[in-house]
Asks: 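This is the structure I want to talk about, given as structure tokens.
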Amino acid sequence: MIAFIQPFGLHAAGGGSRILRGLLSAAHPPVLSINTGPSAMPPYPGIEEIHMPLRPSFGWLDRSRLHGALGIFDEVFRFRFEDRLRRALLKHNVKLIHIIPHSFDIVPVIRVGSELRIPCVLNIHDDIEYTTLGHPLSAKITATMGNAWRNAKGIVVISNEIGKEYSHRYGEREYRIVTDGIDHVAEAPSARPAKKLRLYF
């Protein structure tokens with residue numbers, strides 16, 4: 001079984017969940033999804049999903065300017081999270097971890113995977129230095145990211161640009177590109193019809 005581990009559910013709005021749903025639309029081995037984010041999601045057809053937040057929610061404080069500083073609690077609750085993750089991986093006989101590193105959760109996931117000798121595939125959607133900017137443990141997160149990059153069984157990136165940047169930063173690695181985005185950009189915008197508004201997503 002493969003464990004997909006990411007800070008959102010498969011039914012979440014956004015590019016990350018869309019990429020995962022795209023991967024799951026093809027034939028695949030059994031998958032367990034572990035959502036480490038603050039919000040639980042409705043079940044996704046045919047896939048078991050566990051909501052396993054890294055730490056308890058602090059309600060409105062998580063959406064305030066204090067959000068970055070609250071990252072210190074990630075370390076406080078890390079051992080409890082690691083214990084729950086270890087039990088889930090063993091219970092489901094997980095043979096491969098597929099992680100989308102966005103936040104501190106890469107630290108305990110890589111630690112537990114290494115301890116249980118479960119190989120890991122990285123799926124890079126965003127620059128970890130950007131997504132963890134202001135986190136009090138950002139140095140630990142980026143050090144873990146570098147280690148995970150160098151030792152991953154496989155690497156998937158959202159664009160060639162981020163693959164090149166990570167290879168430069170953490171060491172040359174082969175990677176594959178899987179994206180939910182466009183593969184080319186028009187040379188000029190389309191003409192706007194009179195008295196109408198065109199929206200782009």
Asks: Atom NE2 in His51, atom OG in Ser39: separation rounded to 0.5 Å?
Replies: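 It is 6.5 Å, given to the nearest 0.5 Å.
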Asks: Rounded at 0.5 Å granularity, tell me how far OG in Ser114 sits from CG in Asn151.
Replies: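 Reported to 0.5 Å precision, the distance equals 8.0 Å.
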Asks: Between the side chains of Tyr175 and Asn160, is a donor N or O closer than 3.5 angstrom to an acceptor N or O?
Replies: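 Looking only at side-chain atoms, Asn160 and Tyr175 do form a donor-acceptor pair, the distance falling under 3.5 Å.
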Asks: Could you tell me the separation between the CE atom of Met1 and the CG atom of Leu96, rounded to the nearest 0.5 Å?
Replies: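 Reported to 0.5 Å precision, the distance equals 12.0 Å.
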Asks: For Glu48, which residues count as a salt bridge (Lys or Arg N to Asp or Glu O under 4.0 Å) partner, sequence neighbours excluded?
Replies: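 In terms of salt bridge (Lys or Arg N to Asp or Glu O under 4.0 Å), with neighbours along the sequence ignored, Glu48 is linked to no residue.
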Asks: Side-chain heavy atoms under 4.5 angstrom apart, residues restricted to Ile, Leu, Val, Met, Phe, Trp, Tyr: same cluster for Phe79 and Val112?
Replies: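 Result: no, two separate clusters.
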Asks: Closest approach of Ala148 and Ile110, non-hydrogen atoms and distance?
Replies: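 Looks like CB-CD1, 3.8 Å.
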Asks: Taking the side chain as every heavy atom from C-beta outward, state whether Val156 and Ile19 have any pair of such atoms under 4.5 Å apart.
Replies: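 No; the side chains remain at least 4.5 Å from each other.
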Asks: Nearest 0.5 angstrom please: Lys164 NZ to Glu172 CD, how far?
Replies: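 The CD atom of Glu172 is 10.5 Å from NZ of Lys164, to the nearest 0.5 Å.
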Asks: Out of curiosity, does Ile72 fall in the hydrophobic cluster containing Val76 (side-chain heavy atoms, cut-off under 4.5 Å, transitive links)?
Replies: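 In one cluster with Val76: Ile72, yes.
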Asks: On a heavy-atom basis, which atom in Ile99 and which in Cys120 lie closest, and how many Å separate them?
Replies: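 In this case the closest contact between Ile99 and Cys120 is CG2-SG, 3.5 Å.
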Asks: Please lay out, stage by stage, how Arg78 and Asp74 fare under the test salt bridge (charged side-chain N to carboxylate O under 4.0 Å, His left out).
Replies: CA-CA 6 Å; Arg78 176 170 66 90; Asp74 292 347; over 6 Å; no
Asks: Please test His92 against Ile50 for side chain to side chain contact (heavy atoms under 4.5 Å, CB included), starting from the C-alpha separation and ending with a verdict.
Replies: CA-CA 11 Å; His92 290 86; Ile50 300 170; 4.0 Å; yes
Asks: Taking all atoms of both residues into account, what is the closest heavy-atom pair of Ala88 and Met52, and its distance?
Replies: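 Heavy atoms only, the tightest pair is CB-CE, 3.9 Å.
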Asks: In terms of relative ring orientation, are Phe8 and His102 parallel, tilted or perpendicular, with 30° and 60° separating the classes?
Replies: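 Taking His102 first and then Phe8, their aromatic rings stand perpendicular (interplane angle over 60°).
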Asks: Output yes when a side-chain donor or acceptor of Ser25 lies under 3.5 Å from a complementary backbone atom of Gly22, and no otherwise.
Replies: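 Confirmed, Ser25 side chain pairs with Gly22 backbone.
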Asks: Among the clusters formed by ILVMFWY side chains lying less than 4.5 Å apart, do Leu133 and Ile106 turn up in the same one?
Replies: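 No, separate clusters.
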Asks: Show your working on side chain to side chain contact (heavy atoms under 4.5 Å, CB included) between Thr142 and Arg169 and close with a plain yes or no.
Replies: CA-CA 10 Å; Thr142 53; Arg169 192 185 298 171; 6.0 Å; no
Asks: Would you give the length of the straight line joining atom CD of Glu82 to atom CD of Glu115, rounded to the nearest 0.5 angstrom?
Replies: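 So the CD of Glu82 and the CD of Glu115 are separated by 7.5 Å.
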Asks: Does any non-hydrogen side-chain atom of Leu20 lie less than 4.5 Å from one of Ile100?
Replies: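 Answer yes - side chains close enough.
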Asks: Among residues at least two apart in sequence or on other chains, which ones pass side chain to side chain contact (heavy atoms under 4.5 Å, CB included) with Arg176?
Replies: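 Checked Arg176 against side chain to side chain contact (heavy atoms under 4.5 Å, CB included); zero matches.
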Asks: Test your reading of the model: is there a side-chain donor-acceptor pair from Arg173 to the backbone of Ala152, 3.5 Å cut-off?
Replies: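 Confirmed, Arg173 side chain pairs with Ala152 backbone.
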Asks: Would you check if His98 and Leu23 make a side-chain contact, meaning some heavy-atom pair closer than 4.5 Å?
Replies: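 When only atoms from C-beta onward are counted, Leu23 and His98 do touch, with a gap below 4.5 Å.
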Asks: Under the criterion side chain to side chain contact (heavy atoms under 4.5 Å, CB included), I'd like the reasoning laid out for Thr36 against Phe81: C-alpha separation, chi angles, the key distance, then a yes or no.
Replies: CA-CA 9 Å; Thr36 64; Phe81 176 82; 3.7 Å; yes
Asks: Walk me through whether Ile124 and Glu165 qualify under side chain to side chain contact (heavy atoms under 4.5 Å, CB included).
Replies: CA-CA 11 Å; Ile124 312 292; Glu165 173 58 29; over 6 Å; no
Asks: More than 12 heavy atoms of other residues, nucleotides or ligands under 6.0 Å from NE2 of His28: is that the case?
Replies: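 Buried by this count: over 12 neighbours within 6.0 Å.
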Asks: How close do Ile2 and Pro29 get, heavy atom to heavy atom, and via which atoms?
Replies: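 Nearest pair, atom of Ile2 first, then Pro29: CD1-CG, 3.7 Å.
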Asks: Which heavy-atom pair separates Ser33 from Glu49 by the least distance, and what is that distance?
Replies: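 Heavy atoms of Ser33 and Glu49 come nearest at OG-OE2, 2.6 Å.
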Asks: Is it the case that over 12 heavy atoms from other parts of the model lie below 6.0 angstrom from the OH atom of Tyr170?
Replies: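 Enclosed: over 12 neighbouring heavy atoms sit under 6.0 Å from OH of Tyr170.
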Asks: Please determine whether residues Trp60 and Leu70 belong to a single hydrophobic cluster, defined as Ile, Leu, Val, Met, Phe, Trp and Tyr linked transitively by side-chain heavy-atom distances below 4.5 Å.
Replies: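 Yes.
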Asks: What closest approach, in Å, do Leu122 and Pro101 show between heavy atoms, and which atom pair accounts for it?
Replies: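 In terms of heavy atoms, the two residues are closest at CD2-CG, 4.4 Å.
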Asks: Identify which one of Leu90, Leu85, Ile97 satisfies the side chain to side chain contact (heavy atoms under 4.5 Å, CB included) criterion when paired with Leu116.
Replies: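 The option that passes is Leu90.
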Asks: Going by the salt bridge (charged side-chain N to carboxylate O under 4.0 Å, His left out) test, which pairs reach into residues 137-155, not counting sequence neighbours?
Replies: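 Those involving residues 137-155 are Glu75-Lys140.
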Asks: Measure the shortest side-chain to side-chain distance between Pro53 and Arg84 over non-hydrogen atoms and say whether it is less than 4.5 angstrom.
Replies: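 Yes. Closest side-chain heavy atoms under 4.5 Å.
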Asks: Is the backbone N or O of Ser17 less than 3.5 Å from a side-chain atom of His11, with the two atoms forming a donor-acceptor pair by type?
Replies: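 Answer holds: no.
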Asks: Side chains of Leu24 and Tyr44: does their closest heavy-atom pair fall under 4.5 Å?
Replies: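 Heavy-atom side-chain distance check passes, below 4.5 Å.
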Asks: Kindly assign one of parallel, tilted or perpendicular to the pair Tyr166 and Trp149, based on the angle between their ring planes and the thresholds 30° and 60°.
Replies: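 The arrangement is perpendicular - the two ring planes meet at more than 60°.
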Asks: Applying a strict under-4.5 Å side-chain criterion to I, L, V, M, F, W and Y, I'd like to know whether Leu54 and Met41 cluster together.
Replies: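 Per the 4.5 Å side-chain linkage, Leu54 and Met41 are not co-clustered.
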Asks: Nearest 0.5 Å, please: how far is CD1 in Ile158 from CG in Asn123?
Replies: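 The CG atom of Asn123 sits 8.0 Å away from the CD1 atom of Ile158.
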Asks: What I'd like to find out is whether the side chain of Val107 reaches to under 4.5 Å of the side chain of Arg111, using heavy atoms alone.
Replies: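 Val107 does not reach Arg111 side chain to side chain.
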Asks: Do any N or O atoms from the side chain of Arg21 and from the backbone of Leu10 form a donor-acceptor pair under 3.5 angstrom?
Replies: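 Judged by distance alone, yes, a pair lies under 3.5 Å.
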